Chemist: 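Dropping a structure here in structure tokens format, bear with me for questions.
Throughout, numbering of the chain's residues begins at 1 and tracks the sequence. Since we're looking at a predicted model, the values are computed, not measured.
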Amino acid sequence: MATLIAPEHTSAVEDAEKLQKACKGWGTDEKAIISVLGHRNAVQRKQIRLAYEDLYQEDLIKRLESELSGDFEKAVYRWILDPADRDAVLANVAIKKLSPDHHVIVEISCTRSPEELLAVRRAYQARYKHSLEEDVAAHTKGDTRKLLVALVSAFRYDGEEINTRVANSEAKILHEAVKDKEFNHEEIIRILSTRSKMQLMATFNRYRDDHGTTITKNLEGDSGDEFLKALRSTIRCLNDPKKYFEKVLRNSIRRVGTDEDALTRVIVTRAEKDLKDIKELYYKRNSVPLDQAVAKDTSGDYKALLLTLLGKED
């Protein structure tokens, strides 16, 4: 369930006019920007961008970038983009970091539907004139490269059908590889990057039933091992994405100094999908409402936008 509160009928032209007025003259009316964009879905936001360009022969995104700053600017920029384009930007930023954020690549590859991931790869090519696969390959090495390239290249079956026999045999294959600490076994990468999510859930459940523990518990190891971290994130994202996102939010707020990148990423990418469920999980796990935790850890217009996307009424 989404947290975004967006009216069904809006006028893109009126919204574009309000945004232009908010950016005109001395100072910017950030509240007006939030009251429009914080209550519009992806289709409506795209219509506003087109209407704005039509009315003012100017790119709304560039205008907002020049008017806003800091975490608020970054959050508005992430939010206003089409979802596939946004994921392309998130992936590129993650890859190009000095020490790449592998978990962001895993997250995009494993929590989006096959069609959504395909759209991200198209958007990435259009924006950067490279393929996502080649950039991931160029900025990673060894086993991590093998895993991530396989994940971003995947086009999984997206239906409900599962094969119990395959689940049983692949749970055994996974257990053998994990038991022998062959975490980089090519069969692990094959299974995780080609099987449907429903099939993988059946395999992980079989693993748990047979061995009395989850596969991620058996993958605990050297905390500095990047490949092992990516492998654990992959399994979490495929098996229970909402639980994975709750943990990302918890870690982003709990650390000394908030991880605004992670906090913004989860809220803007899930507000139109399942953020309501993630909020419920967060409350169950932490006994504090997510809105309250976010309000305590953020400030100003950035805080106001995040709370709006979390479903707080104006």
Chemist: So, for V152 and R121, which heavy atoms are closest and what is the spacing to 0.1 Å?
Modeler: O-CD, 3.1 Å

Chemist: What is the distance from atom CG of L117 to atom CZ of R156, rounded to the nearest 0.5 Å?
Modeler: 8.5 Å

Chemist: One thing to verify: whether D82 and K46 come together as a salt bridge, which I'm taking to mean a side-chain N less than 4.0 angstrom from a carboxylate O.
Modeler: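 Counted as a salt bridge, because a side-chain N and a carboxylate O are separated by less than 4.0 Å.
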
Chemist: With the side chain counted from C-beta on, respond yes when L281 and F245 share a heavy-atom pair under 4.5 Å apart, and no when they do not.
Modeler: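 No, too far: nothing below the 4.5 Å cut-off.
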
Chemist: Walk me through it: do K243 and R236 pass the test side-chain contact (heavy atoms from CB on, under 4.5 Å)?
Modeler: CA-CA 8 Å; K243 203 168 153 189; R236 288 191 178 117; over 6 Å; no

Chemist: Identify whether I173 and L192 are in the same connected component of the hydrophobic contact network (ILVMFWY, side-chain heavy atoms under 4.5 Å).
Modeler: yes

Chemist: Please evaluate residues Q125 and S131 with respect to the criterion side-chain hydrogen bond (donor to acceptor under 3.5 Å, both in side chains), reporting the C-alpha separation (whole Å), side-chain torsions for both, the decisive distance (0.1 Å), and the verdict.
Modeler: CA-CA 5 Å; Q125 285 201 22; S131 74; 5.1 Å; no

Chemist: Would T214 and F204 count as a side-chain contact (heavy atoms from CB on, under 4.5 Å) here? Give the steps.
Modeler: CA-CA 7 Å; T214 62; F204 299 147; over 6 Å; no

Chemist: Within the distance-only criterion (no hydrogens, no angle test), does the side chain of D101 pair as donor or acceptor with the backbone N or O of V104 below 3.5 angstrom?
Modeler: no

Chemist: Check for me, please, whether M198 and L238 land in the same ILVMFWY cluster - side-chain distances under 4.5 Å, paths through other members count.
Modeler: no

Chemist: Let's go through T264 and D71 carefully: what are the C-alpha distance in whole Å and the side-chain angles of both, what is the deciding distance for side-chain contact (heavy atoms from CB on, under 4.5 Å) to 0.1 Å, and is it a yes or a no?
Modeler: CA-CA 8 Å; T264 302; D71 293 320; 5.7 Å; no

Chemist: Taking the side chain from S66 and the backbone from R63, do they hold a donor-acceptor pair closer than 3.5 Å?
Modeler: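 Checked: pair present.
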
Chemist: Between E170 and R206, does any side-chain N to carboxylate O distance fall below 4.0 Å?
Modeler: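 No, E170 and R206 are not salt-bridged.
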
Chemist: Determine whether more than 12 heavy atoms belonging to other residues, nucleotides or ligands lie under 6.0 Å from atom CD of E182.
Modeler: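 Check passes, neighbour count above 12.
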
Chemist: Residues in salt bridge (charged side-chain N to carboxylate O under 4.0 Å, His left out) with D274, at least two apart?
Modeler: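 D274 satisfies salt bridge (charged side-chain N to carboxylate O under 4.0 Å, His left out) with R270 once adjacent residues are dropped.
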
Chemist: Who passes salt bridge (charged side-chain N to carboxylate O under 4.0 Å, His left out) against R254, sequence neighbours left out?
Modeler: none

Chemist: Does N41 offer a backbone N or O that forms a donor-acceptor pair with the side chain of Q44 under 3.5 Å?
Modeler: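 Yes, Q44 side chain to N41 backbone: donor-acceptor pair under 3.5 Å.
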
Chemist: Where the side chain of T3 meets the backbone of L275, is there a donor-acceptor pair that is under 3.5 Å apart?
Modeler: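 Not at all, since once roles are kept as given, no pair shorter than 3.5 Å links the two residues.
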
Chemist: With a 3.5 Å distance limit and no angle check, can you tell me whether K279 reaches the backbone of L310 through a side-chain donor-acceptor pair?
Modeler: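 Yes, K279 side chain to L310 backbone: donor-acceptor pair under 3.5 Å.
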
Chemist: So, do E17 and Q20 sit near enough that their side-chain heavy atoms are less than 4.5 Å apart?
Modeler: no

Chemist: Tell me, yes or no, whether the heavy-atom count around R127 atom CZ, taken from other residues, nucleotides or ligands under 6.0 Å, exceeds 12.
Modeler: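 For R127, atom CZ is crowded (more than 12 foreign heavy atoms under 6.0 Å).
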
Chemist: Is any side-chain heavy atom of L306 less than 4.5 Å from a side-chain heavy atom of D291?
Modeler: no

Chemist: Could you walk me through whether L290 and I253 pass the side-chain contact (heavy atoms from CB on, under 4.5 Å) check?
Modeler: CA-CA 10 Å; L290 180 58; I253 291 167; 4.0 Å; yes

Chemist: What's the verdict on salt bridge (Lys or Arg N to Asp or Glu O under 4.0 Å) for E58 and K62, showing C-alpha distance, side-chain angles and the deciding distance?
Modeler: CA-CA 8 Å; E58 182 182 32; K62 286 202 172 84; over 6 Å; no

Chemist: Are the side chains of K97 and D261 in contact, using a 4.5 Å heavy-atom criterion?
Modeler: yes

Chemist: Please confirm whether the backbone N or O of I80 pairs with a side-chain atom of R49, one donor and one acceptor, at under 3.5 Å?
Modeler: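 Yes: the side chain of R49 pairs with the backbone of I80.
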
Chemist: Measure across D59 and E53 and return the closest heavy-atom pair with its distance rounded to 0.1 Å.
Modeler: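 D59 and E53 have their closest heavy atoms at CA-OE1, 4.5 Å.
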
Chemist: Measure from the side-chain N and O atoms of R145 to the backbone N and O of A137, and report whether any donor-acceptor pair falls under 3.5 Å.
Modeler: yes

Chemist: Test your reading of the model: is there a side-chain donor-acceptor pair from H39 to the backbone of A6, 3.5 Å cut-off?
Modeler: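 Here the side-chain-to-backbone pair does not exist.
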
Chemist: Are Y207 and V166 connected, step by step, through hydrophobic side chains (Ile, Leu, Val, Met, Phe, Trp, Tyr) whose heavy atoms are closer than 4.5 Å?
Modeler: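 No, Y207 does not connect to V166 through the hydrophobic network.
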
Chemist: Measure the CG-CD distance between L309 and E272 for me, rounded to the nearest 0.5 Å.
Modeler: 8.5 Å

Chemist: Could you tell me whether the side chain of N205 and the main chain of M201 form a donor-acceptor pair under 3.5 Å?
Modeler: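 Here the side-chain-to-backbone pair exists.
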
Chemist: Using a strict cut-off of less than 4.0 Å between a Lys/Arg side-chain nitrogen and an Asp/Glu carboxylate oxygen, indicate whether K303 and D297 qualify as a salt bridge.
Modeler: no

Chemist: Under the salt bridge (Lys or Arg N to Asp or Glu O under 4.0 Å) criterion, do E226 and K229 qualify, and how do the steps go?
Modeler: CA-CA 5 Å; E226 286 300 321; K229 271 197 238 169; 3.4 Å; yes

Chemist: Nearest 0.5 Å, what's the NE2-OG1 distance between H102 and T234?
Modeler: 11.0 Å

Chemist: Counting only heavy atoms not in K74, do more than 12 sit closer than 6.0 Å to its NZ atom?
Modeler: no

Chemist: Find the distance between CG (L219) and CZ (F227) and round it off to the nearest 0.5 Å.
Modeler: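 Answer for the CG-CZ pair, L219 versus F227, is 9.0 Å.
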
Chemist: State the CG-OG1 distance between L4 and T308, to the nearest 0.5 angstrom.
Modeler: 10.0 Å

Chemist: Can V106 be reached from V89 by stepping across I, L, V, M, F, W or Y side chains whose heavy atoms are under 4.5 Å apart?
Modeler: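 Yes; tracing contacts between hydrophobic side chains, which count when under 4.5 Å, links both residues.
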
Chemist: Check side chain to side chain donor-acceptor pair (under 3.5 Å) between R250 and all other residues, then give those that pass, not counting sequence neighbours.
Modeler: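 For R250, the residues satisfying side chain to side chain donor-acceptor pair (under 3.5 Å) (neighbours in sequence not counted) are E246.
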
Chemist: Evaluate the side-chain proximity of D29 to K21: yes if any heavy-atom separation is below 4.5 Å, no if none is.
Modeler: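 K21 does not reach D29 side chain to side chain.
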
Chemist: Specify the closest pair of heavy atoms between V288 and Y283, including all atoms of both residues, with the distance to one decimal.
Modeler: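 Nearest pair, atom of V288 first, then Y283: C-CD1, 3.4 Å.
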
Chemist: Assess the residue pair E107 and R265 against the criterion (salt bridge (Lys or Arg N to Asp or Glu O under 4.0 Å)); give the C-alpha distance rounded to whole Å, side-chain angles, the decisive distance to 0.1 Å, and a yes or no.
Modeler: CA-CA 11 Å; E107 193 179 293; R265 187 179 77 248; 2.9 Å; yes

Chemist: Tell me the closest heavy-atom pair linking Y302 and L263, and the distance in Å.
Modeler: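 Taking Y302 first and L263 second, the nearest heavy atoms are OH-CD2, 3.9 Å.
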
Chemist: Do L68 and I33 touch side chain to side chain, with heavy atoms closer than 4.5 Å?
Modeler: yes

Chemist: Determine whether W79 and R86 make a side-chain contact, defined as any pair of heavy atoms from C-beta on separated by less than 4.5 Å.
Modeler: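 The answer is yes, as the side chains (C-beta and beyond) meet within the 4.5 Å cut-off.
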
Chemist: For residues E161 and S196, report the shortest heavy-atom separation together with the two atoms involved.
Modeler: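 Minimum heavy-atom contact is O-OG, 4.5 Å.
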
Chemist: Is a side-chain donor or acceptor of H139 paired with a backbone partner of D135 at a separation under 3.5 angstrom?
Modeler: yes

Chemist: OG/S35 to NZ/K18 distance, rounded to the nearest 0.5 angstrom?
Modeler: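 Atom-to-atom, S35:OG and K18:NZ are 6.5 Å apart.
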
Chemist: Are V13 and L64 linked, directly or through intermediate hydrophobic residues, by side-chain heavy-atom contacts shorter than 4.5 Å (ILVMFWY only)?
Modeler: yes

Chemist: Do you know the tightest heavy-atom contact between L305 and I34?
Modeler: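 Taking L305 first and I34 second, the nearest heavy atoms are N-CD1, 3.9 Å.
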
Chemist: Can you check whether R45 reaches L81 side chain to side chain, under 4.5 Å on heavy atoms?
Modeler: no

